[in-house]
Amino acid sequence: MQTVLITGGSRGIGEAMVRLFSEKGWRVAFTYLTSEEKALALSRETGALALRCDAKSEGDTAAMAEKVLKQFSHLDTLICNAGISYTGLLQDMTVSQWDELFAVHVRGAFLATRAFLPGMISRQRGSILYISSMWGQTGASCEAAYSACKAALIGLGKAMAKEAGPSHVRVNVLCPGVIETDMLREYSQEDLRALADETPLMRLGTPEDVARAALFLSSESASFITGQALGVNGGFLI
Ligand code: NDP
């Protein structure tokens, strides 16, 4: 049975991935930070293992990895999805807001990769997927720090594909467009309609759209795909 760990699996895109991978017969573990009730309900519903782990914490990540490896014995796929957003002008941002964003997205991906990669290398198989964003590819006004974090994940994914490729570990990046989750709560209905209108496929994305792409990149069907940043954006950015 294939095994996967999804960070930030309690809501949104992570939750859709937990559901889809579970439905497809994978053994799934996922992390959460604050949404404990949702996480435990999802765990009961899907049979996935829910673990509280702050993505930016070295201690939490090490403890979480130990539990996952104890339960599953090995990890086939790591998906670094946990994320937060910040909307506002760069000059209004505090240093701690900047650091928090980088810690969750970039340090989080580093810590999880460092925890699971040695096991993948020793088995000479595995795959890693970083959830970036189309804003990491093109940049978004009023989301400069977020765009920088997401661009960092694309750089990390490409570099790690080269570093881990000779050990038969694939590393890819997904760049979702505008996806209907709690992360969009700062957008007005009018903004969301305008974003859908700007999208060639004329709609916003769903968490399931992203989950299906993640499943494909994690599967044997993608066995010769590594180092790629795949857009799941309805054609918003081409
Ligand atoms: P949501 O806000 O719906 O969910 C975020 C998830 O991340 C939650 O499960 C949350 O857990 C978890 N999380 C946040 N901070 C931490 C942390 N420090 N440690 C562990 N888990 C944490 O966001 P989305 O589902 O929309 O986003 C998922 C990923 O996709 C993010 O990386 C985001 O940047 C990216 N993305 C989203 C897009 C969108 O339009 N929605 C577009 C492009 C990329 P909890 O609730 O338990 O705290």
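Read the numbers this way: they start at 1 and go in the same order the structure lists the ligands and their atoms. The figures that follow rest on heavy atoms only: side chains count, while hydrogens, waters and symmetry mates do not.
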Could you tell me how the ring of Trp98 sits relative to the ring of Phe102: parallel (under 30°), tilted (30 to 60°) or perpendicular (over 60°)? parallel
More than 12 heavy atoms of other residues, nucleotides or ligands under 6.0 Å from CD of Gln97: is that the case? yes
Any Tyr146 heavy atom less than 4.0 Å to ligand 1: yes
For Thr87 and Tyr187, what are the C-alpha separation, side-chain angles and deciding distance, and is it a side-chain hydrogen bond (donor to acceptor under 3.5 Å, both in side chains)? CA-CA 10 Å; Thr87 308; Tyr187 290 79; 5.9 Å; no
Going by heavy-atom distance to atom 14 (C) of ligand 1, choose the closest among Gly83, Gly8, Ala82. Gly83
Contact atoms of ligand 1, heavy-atom distance to Asp54 under 4.0 Å: 17 (C), 18 (N), 19 (N)
Based purely on interatomic distance, does Leu33 place a nitrogen or oxygen under 3.5 Å from a nitrogen or oxygen of ligand 1? yes
Can you name the closest pair of heavy atoms from Arg170 and Thr226 and give their distance? CA-OG1, 3.3 Å
Regarding ligand 1, does Ser133 bring an N or O atom to under 3.5 Å of one of the ligand's N or O atoms? no
So is there a nitrogen or oxygen of Leu184 less than 3.5 Å from a nitrogen or oxygen in ligand 1? no
Tell me whether ligand 1 is touched by Cys53 - counting only heavy atoms on the residue side and a distance under 4.0 Å. yes
Determine, considering heavy atoms only, which of Leu42, Leu204, Thr181 sits nearest to atom 41 (N) of ligand 1. Thr181
Counting only heavy atoms, which portion of Thr7 has something under 4.0 Å from ligand 1: side chain, backbone, both, or neither? neither
Looking only at N/O atoms, are Gly14 and ligand 1 under 3.5 Å apart anywhere? no
Looking at His105 versus Tyr146, is the centre-to-centre ring distance below 6.0 Å? yes
With Ile79, the side-chain contact (heavy atoms from CB on, under 4.5 Å) member among Leu129, Ile128, Thr7: Leu129
Quick check: are there more than 12 heavy atoms from other residues, nucleotides or ligands sitting under 6.0 Å from CD of Glu58? no
Heavy-atom nearest neighbour of atom 38 (C) of ligand 1 within options Ser85, Gly177, Ser132, Cys149: Gly177
Would you check whether Lys150 reaches within less than 4.0 Å of ligand 1, judged by its heavy atoms? yes
Any chance the side chains of Asp209 and Thr206 put a donor and an acceptor closer than 3.5 Å? yes
Check whether more than 12 heavy atoms from other residues, nucleotides or ligands sit under 6.0 Å from atom CD of Gln124, and answer yes or no. yes
Ile84 heavy atoms within 4.0 Å reach ligand 1 at atoms 14 (C), 15 (N)
Would you check whether Thr34 has a nitrogen or oxygen atom less than 3.5 angstrom from a nitrogen or oxygen atom of ligand 1? yes
Is there a heavy atom in His105 that sits closer than 4.0 Å to ligand 1? yes
Using a 3.5 Å cut-off on N or O atoms only, is Ala55 in polar contact with ligand 1? yes
